[in-house]
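What you see below is based on every heavy atom in this structure, not just the backbone, and it leaves out hydrogens, waters and symmetry mates.
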Protein chains: 2
Amino acid sequence: MSVTLKEVAALAGVSRSAVSRTFTEGASVSPKTRSKVEKAAAELGYSPNALASSLTTGRTKLIGLISNNFHNPIFLEVFDQFTRALQERGLRPLIVNLTDETEPANSVRMLRQYSVDAAIVASSTLPPSFAKAFHDAGVPVVHTFGRSATSPEVHVVGIDNVECGRMAARELLARGYRRIGYLGGPKDATSAMDRYRGFMEEVEKHPELDVTHCFAGAYSFEAGRAEMLRLLAEGPAEGYFCGDDILSIGALSALSDNGLKPGKDIGIIGLNDMEMSRWESVDLTTIHQPIKQIITSSVDLVEEMLKDPERYPEARIFPCRVIERGTLRPRP
Amino acid sequence: MSVTLKEVAALAGVSRSAVSRTFTEGASVSPKTRSKVEKAAAELGYSPNALASSLTTGRTKLIGLISNNFHNPIFLEVFDQFTRALQERGLRPLIVNLTDETEPANSVRMLRQYSVDAAIVASSTLPPSFAKAFHDAGVPVVHTFGRSATSPEVHVVGIDNVECGRMAARELLARGYRRIGYLGGPKDATSAMDRYRGFMEEVEKHPELDVTHCFAGAYSFEAGRAEMLRLLAEGPAEGYFCGDDILSIGALSALSDNGLKPGKDIGIIGLNDMEMSRWESVDLTTIHQPIKQIITSSVDLVEEMLKDPERYPEARIFPCRVIERGTLRPRP
DNA sequence: CATTACCTTGCAACCGATTGCAAACCTGAC
DNA sequence: GTCAGGTTTGCAATCGGTTGCAAGGTAATG
């Protein structure tokens, strides 16, 4: 089927070692044999088998990329960035789609079977223990978009969700909203809970406020829409911090169904600043999460871990900022 | 680092072959040794190295998944389906993000280096020759969303884009539109050209019609919006077939900017029927492409190819149908 | 010209598995 | 108890590479 080292060696009239060495960076080969080998290799269309070599070198350059967010449009951007960043460094993403049925432990075992050099858990909804399972199995791991505070054993790259909660609350207050609410993501998502904590922490400084909160079933358009429809039926607050942009967009759809104008009748602030939020028809005021920097940094971290597997775990937290668009009333 | 066959064999007091056999389906092992081995394996936390075994078996269960559409929201659905379908069958998706910079030939080489069992090209914009390069390199390949007519050497799964063009034209005519246009995807995309061909073929049966066409720079919101803004400035037609849903949504945004109501002032019909098109705020009339069936069928085909690599190439074409929503005026 | 030092090169062992083959084992029938 | 039959088992070769080591080659030095 495919051409092997041996055949190239035979054609070039050299030993197998010679061939191997011409294809490994920084090995000692004379220019003469190198050119003989390269000629033979070109003639046969040879390229080395990465998997076979991984057996001896212990490096596959395979990186497990694990996520459970295949329904949030933001993840198209996330996958695009991750796959590019990995490719640029000569690493290959092996995808794991964590569906409801899949046992988490399975993904650890599976990625070990494929000897991935490292794993990236890209999810704001999975608990720190999930990422830790990779660590415990000896697989270097980065939890991107993970919870920073309580995971001392695992690298985390992302934002401070608690602070984002505070930021959203402050933003609503600064614009004069007094009856406000948090419409969060699913209750079992760490990001939803952290944003909730920050939000509440901030509003509790102002006892005069009328504050409510609720949690949607998922970070999805449908869930955001359904939850906002319910709130509207029950009598809504004046302004909401929605768990993320896709929830916000769902909520906006509920508003427009009821003939309400976002930014005028009811305020909405989201989180992520995904591409769609910039669309004129959406025009969502939101908290910008620096996705690109987070992902680049995550992949950097993966590379560092490959160099030094014992690297001391660290949390890389990136600051967020409010992007003003049309779904909150202007500051007074 | 990780536990090997040899260590398990030592602990269980059997030969390495015995251990290997307990882990391979249908090999002959006595219940006694099997249980000894399983006990030892559990104790050490052993699981077989898939890559090492691939060396002798010739099967990695790695499937290259290649795409260049990381900006179209429809592809989140596509990736979700593909990764699930592959996982369910014990196959692992190795992703290739075809960016503008990446040389196509590189992806063939790369996937050969990783000995993928097969490749799936998931793109409606790549030419048949791209998929054929895999075939020529001895990598079984399926071109999902590919052009059917002219690729006799490669398996294709998708829809009949020419027929979809006709269908869109017929739909516009049936609703009484007489000044109509095709707002297609990028000119170098096979799908954009095929839909164009079908559209024109149909309208040319009616010489009285006033027909225009143009091509957007990409299948993207921005491109659709920009192109529609240009058309509006120059004096638009009454009804448009937009190359796909995301282009349509961009076009809708341009309409609403100009205070025009889709379905009333100007008609739009898209293609794909992606999740977003069902959103109340979008409510796009569109041609449904059976994504799920296409993907399941693609993965089925991959499995068949693994069984019989010489399998005669086939085109699997799925029918599409119009989904009526709010962006075309009703049939008279 | 002999000696030393450095480059190249091939040999052979090894990475972690699978598998054909022949020997060893077990079972039941006579 | 012996023998034929089928099972189980371990040996050793193999998959496609890498790499430590020692031998051979070359060039520079004295």
Side-chain angles (χ1 to χ4, degrees), chain A residues 1-38 40-41 44-62 109-117 138-139, chain B residues 1-38 40-41 44-62 109-117 138-139:
Chain A
M1 180 53 90
S2 95
V3 197
T4 75
L5 199 63
K6 200 154 65 175
E7 306 172 44
V8 178
L11 179 59
V14 298
S15 74
R16 287 154 59 227
S17 336
V19 179
S20 171
R21 285 194 256 257
T22 59
F23 283 96
T24 49
E25 203 79 11
S28 135
V29 219
S30 70
K32 201 166 39 164
T33 49
R34 149 152 298 171
S35 79
K36 274 196 298 187
V37 169
E38 280 172 348
L44 298 173
Y46 168 78
S47 67
N49 180 328
L51 268 23
S53 70
S54 83
L55 262 189
T56 39
T57 62
R59 287 245 170 292
T60 56
K61 299 188 164 226
L62 250 27
R109 197 159 44 73
M110 195 231 100
L111 289 178
R112 279 202 351 156
Q113 288 184 344
Y114 280 84
S115 320
V116 295
D117 288 347
V139 180
Chain B
M1 179 55 90
S2 98
V3 198
T4 75
L5 200 63
K6 198 155 66 175
E7 306 171 45
V8 177
L11 180 60
V14 298
S15 75
R16 287 153 58 224
S17 336
V19 179
S20 170
R21 285 193 257 256
T22 60
F23 282 95
T24 49
E25 203 79 10
S28 139
V29 219
S30 71
K32 200 165 39 161
T33 49
R34 150 151 297 174
S35 79
K36 273 196 298 187
V37 169
E38 280 174 347
L44 297 174
Y46 168 78
S47 67
N49 181 327
L51 269 23
S53 71
S54 83
L55 217 47
T56 38
T57 62
R59 287 244 170 290
T60 56
K61 299 190 165 226
L62 250 26
R109 200 161 39 73
M110 195 231 100
L111 289 178
R112 277 200 354 154
Q113 288 184 345
Y114 280 83
S115 319
V116 295
D117 288 347
V139 180

* Closer than 4.0 Å, any side-chain N/O of A:Ser20 to the OP1 or OP2 of D:dT18? -> yes
* **Between D:dG16 (C1') and A:Asn49 (CG): distance, integer Å** => 6 Å
* **Shortest side-chain distance from B:Arg21, nucleotide among D:dG17, C:dT18, C:dC21** => C:dC21
* Asked: Can you check whether A:Phe23 reaches A:Val37 side chain to side chain, under 4.5 Å on heavy atoms?
  -> yes
* Would you classify B:Thr33 as touching base, sugar-phosphate or nothing, given that sugar-phosphate means primed atoms plus P, OP1 and OP2, and contacts are heavy atoms under 4.0 Å? => sugar-phosphate
* **Exercise: identify the closest heavy-atom pair between A:Ser115 and B:Asn49** => OG-ND2, 3.5 Å
* Side-chain heavy-atom pair A:Arg112, B:Ser47 within 4.5 angstrom cut-off -> yes
* Contact class for A:Ser17 (heavy atom, under 4.0 Å): base, sugar-phosphate, or nothing? -> base
* To do: Would you check if there is a donor-acceptor pair between the side chains of A:Thr57 and A:Ser54 at a distance under 3.5 Å?
  => no
* With the side chain of A:Ala52 defined as its heavy atoms from C-beta on, choose the nearest nucleotide among C:dA17, D:dG16, D:dT9. => D:dG16
* Asked: Base, sugar-phosphate alone, or nothing: which one does A:Tyr46 contact when heavy atoms must sit under 4.0 Å apart?
  -> sugar-phosphate
* Asked: Considering only side-chain heavy atoms of A:Leu55, which listed nucleotide, D:dG10, C:dG16, C:dA13, is closest?
  -> C:dG16
* Identify whether any heavy atom of B:Ser54 sits under 4.0 Å from a base atom; if not, whether one sits that close to sugar-phosphate; answer base, sugar-phosphate or nothing. => nothing
* Let me know the distance between CZ of A:Arg34 and P of C:dG10, rounded to the nearest Å. => 14 Å
* Pairwise 5' ranking along DNA chain D for B:Val29 and B:Thr56, keeping only the more 5' one -> B:Val29
* To do: May I ask you to verify if any side-chain N or O of A:Thr57 is less than 4.0 angstrom from the OP1 or OP2 atom of C:dC15?
  => no
* To do: Nearest-nucleotide wise, let me know which of B:Val14 and A:Pro48 is further upstream toward the 5' end of DNA chain D.
  => B:Val14
* Under 4.0 Å between a side-chain N or O of A:Ser15 and OP1 or OP2 of C:dG10? -> yes
* Give the rounded distance in Å between these two atoms: CZ of A:Arg16 and C1' of D:dG17. => 7 Å
* Asked: Contact class for A:Val19 (heavy atom, under 4.0 Å): base, sugar-phosphate, or nothing?
  -> nothing
* Could you grab the distance from atom OH of B:Tyr114 to atom OG1 of B:Thr60, nearest 0.5 Å is fine? => 12.0 Å
* Tell me: NZ of B:Lys32 to C1' of C:dT27, nearest whole Å? -> 13 Å
* Atom CG of A:Leu5 and atom P of D:dT14: how far apart are they, to the nearest Å? -> 16 Å
* **Between B:Ser20 and B:Ser17: side-chain donor-acceptor atoms closer than 3.5 Å** => no
* To do: Mind calculating the distance between NZ (B:Lys6) and C1' (D:dG10) to the nearest angstrom?
  => 16 Å
* Structure fact -> When rounded to whole Å, the CZ to P distance for the pair B:Arg59 and D:dG16 reads 14 Å
* Asked: How long is the line joining NZ of B:Lys61 and P of C:dT18, in whole Å?
  -> 12 Å
* Please determine if a side-chain N or O atom of A:Tyr114 lies less than 4.0 Å away from the OP1 or OP2 oxygen of C:dG16. => no
* With the side chain of A:Ser28 defined as its heavy atoms from C-beta on, choose the nearest nucleotide among C:dC11, C:dT8, C:dT18. => C:dT8
